[in-house]
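Taking it in order: structure first as structure tokens, then the write-up.
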Amino acid sequence: MKNKSSRREFIKNSAIIGAGLTMLPKFTYGITKAYKKETLKVALIGVGLRGTNHLNNLLQRDDVLIQSICDIDPIRIQIALDIIKKSKQPKPSIYGKDDLDYRNLLDLKEIDAVIIATPWLWHTRMAKDAMLAGKYTGVEVSAANTMEECWDLVNTHESTGSHLMILENVNYRRDIMAVLNMVKQDVFGELVHFRCGYQHDLRFVKLNDGKSAYGKGVEFGENGISESKWRTQHSVSRNADVYPTHGVGPIAVMCDINRGNRFSSITSNATKSIGLHNYIVKNGGEDHPNAKIKFKQGDVITSTIETTNGETIIVTHDCNLPRPYSLGFRVQGSKGLWEVDGNRIYVEGVSEPHRWDKSEEWLQKYDHPLWKKYGDYAVDAGHGGMDFFVLHAFVESAKQNIAPPLDVYDAAAWSAITPLSELSIENNGEPQNFPDFTRGMWIRRKPYNWIKETY
Ligand SMILES: NC(=O)c1ccc[n+]([C@@H]2O[C@H](COP(=O)([O-])OP(=O)(O)OC[C@H]3O[C@@H](n4cnc5c(N)ncnc54)[C@H](O)[C@@H]3O)[C@@H](O)[C@H]2O)c1
């Protein structure tokens with residue numbers, strides 16, 4: 001493992017060389033001019049757990065200056081300031097005196113780019129304001145909660161020309177990128193079917209003791225801390241797949257959604273809801289006030305999406321029951337398939353007939369050029385390294401003010417799964433149509449060139 005300064009130098013040199021070789025994608029109406037900045041001045045809105053992770057990764061780079069930070073929680077501001085001080089970067093300006101103070105931050109002319117890592121209900125509002133202020137905008141997942149918010153993001157991008165990237169890190173996971181490489185090299189043939197989802201036991205995240213994020217306890221809302229403060233309320237009030245993008249983001253890229261293909265419709269069904277209630281009773285007792293809460297969200301929500309190219313995608317949301325983590329990926333085509341559970345691949349004519357291969361050899365053979373190049377450097381970045389790559393793509397795109405790999409149309413189409421699944425569940429699994437957020441452009445838009453070693 002290289003030391004920190006050689007890591008910085010490596011990233012800087014590679015990025016400069018890479019930028020010269022890359023064709024600049026022009027996906028959107030974007031009317032602002034592309035430019036090239038040596039140093040990107042970044043502001044972070046929300047420096048909770050995720051924002052702090054982004055902060056740590058940005059401080060590893062020589063081409064980023066943390067200009068400002070904003071958080072309504074002074075404790076989080078202090079943690080961020082301590083980290084910045086250690087890194088020897090100058091002290092940033094600070095915002096967060098109230099919920100809307102981020103708007104004063106956005107008034108700062110010197111800020112080039114903004115990263116939003118706040119609770120979900122703030123994402124679209126903040127992203128919209130950031131685009132209106134002319135900032136290159138990165139927003140955490142999901143980007144939007146309602147159909148209106150999905151359109152707001154698209155319309156604001158189109159009217160301002162400001163770019164928005166949805167910061168979906170799972171798209172940059174090593175196995176995902178290797179499988180994407182296999183898809184692009186036609187190893188699986190014509191694509192037919194996918195499975196994916198967010199299958200993560202979050203009971204100890206949604207409920208805690210109000211003192212530490214993963215502390216034992218059964219509190220949420222005002223009495224909780226970190227995600228239990230805001231995330232859990234979505235399970236109380238919505239029966240929907242509220243977190244679809246970790247699963248569907250990678251699949252959408254593999255099947256060229258918004259670039260020659262499109263989500264056309266969705267049907268969703270929800271099971272009963274017992275997981276969070278049982279957890280509260282087990283850990284807080286039957287008499288705990290939260291034992292009376294009725295959670296609306298079914299424990300397992302299953303959606304089937306149809307695409308205009310004739311594929312189906314089964315998306316699962318499963319966060320309230322005991323289970324080991326898995327995003328449950330399956331990518332299946334006319335020649336074979338990959339399944340992440342079981343870690344196995346079958347390719348007709350290469351694998352022994354009707355027998356699975358272990359996926360390791362395949363994944364190594366098709367290791368993505370980005371991972372080959374940056375893998376050693378990325379490994380400490382968080383979530384196995386993928387957090388480095390998503391920020392790398394953001395920073396490199398923002399420095400040039402060009403459309404990012406995961407853009408506003410992706411943000412809208414992926415996030416729309418939440419309101420559409422809710423509507424389908426409410427109507428006994430009735431199919432719901434996706435709007436065409438690209439307004440017909442998906443037919444002509446070319447896929448992003450993913451198989452390269454720049455970003
Ligand atoms: N991509 C990933 O792997 C990943 C992982 C974790 C979280 N996330 C996403 O990141 C986002 C943040 O999650 P988190 O775990 O950091 O939550 P968190 O609760 O730890 O942090 C959110 C922060 O936003 C601050 N905040 C709230 N309202 C604000 C406002 N009006 N102005 C300024 N600051 C405000 C809070 O004080 C808090 O510090 C969520 O959207 C979550 O889904 C993504």
Side-chain angles (χ1 to χ4, degrees), residues 43-57 68-81 83 94-106 114-130 138-145 149 165-173 176 198 200 202 204-206 208 210-215 219-222 224-235 241-250 317 319 325 327 381-391 393-394 406 411 414-415 418:
L44 292 161
I45 305 180
V47 281
L49 293 187
R50 186 65 182 154
T52 304
N53 185 269
H54 286 317
L55 174 65
N56 277 315
N57 286 328
S68 306
I69 54 172
C70 174
D71 200 296
I72 50 169
D73 182 347
I75 297 174
R76 297 308 310 179
I77 289 282
Q78 194 50 55
I79 291 171
L81 284 178
I83 292 171
I94 295 160
Y95 293 83
K97 67 176 183 317
D98 57 39
D99 273 344
L100 297 180
D101 202 23
Y102 75 89
R103 288 182 172 159
N104 296 318
L105 174 154
L106 293 174
V114 169
I115 289 179
I116 298 161
T118 48
W120 298 336
L121 293 181
W122 283 104
H123 284 189
T124 301
R125 262 190 270 189
M126 288 173 167
K128 212 176 131 182
D129 286 340
V139 65
E140 260 304 336
V141 297
S142 277
N145 303 276
E149 285 192 341
M165 176 163 171
I166 178 165
L167 299 173
E168 183 43 77
N169 48 349
V170 180
N171 280 64
Y172 292 89
R173 211 168 85 173
I176 290 291
Y198 193 59
H200 189 184
L202 288 183
F204 66 106
V205 172
K206 291 187 184 186
N208 57 37
K211 295 189 193 93
S212 77
Y214 306 120
E219 305 298 338
F220 70 97
E222 278 308 300
I225 191 170
S226 191
E227 296 205 354
S228 80
K229 233 181 170 42
W230 52 270
R231 186 177 189 140
T232 318
Q233 185 57 36
H234 291 264
S235 310
D241 183 337
V242 293
Y243 206 54
T245 72
H246 286 327
V248 94
H317 183 273
C319 301
Y325 177 91
L327 298 189
H383 290 116
M386 62 193 182
D387 290 350
F388 162 80
F389 291 100
V390 71
L391 272 189
F394 177 77
L406 309 173
W414 307 352
S415 303
T418 297

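Start at 1 and go down the list; that is how both ligands and their atoms are numbered.
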>> With heavy-atom distances below 4.5 Å as the criterion, would you say the side chains of R173 and L327 are in contact?
In response: yes
>> As a quick check of understanding, evaluate side-chain contact (heavy atoms from CB on, under 4.5 Å) for F394 and L167, giving each step before the final call.
In response: CA-CA 8 Å; F394 177 77; L167 299 173; 4.0 Å; yes
> Any donor-acceptor pair under 3.5 Å linking the side chain of T52 with the backbone of V47?
Replying inline: yes
> Taking everything shown except K128 itself, do over 12 heavy atoms lie less than 6.0 Å from its NZ?
Replying inline: no
>> Which residue in the set D129, V139, T124, L44 passes side-chain contact (heavy atoms from CB on, under 4.5 Å) when paired with I116?
In response: V139
> Do the side chain of S415 and the main chain of A143 share a donor and acceptor less than 3.5 angstrom apart?
Replying inline: yes
> Any idea which residues sit under 4.0 Å from ligand 1, heavy-atom distances?
Replying inline: G46, G48, L49, R50, C70, D71, I72, D73, R76, D99, A117, T118, P119, W120, W122, H123, M126, E140, V141, N169, S226, E227, W230, Y243, H246, H383
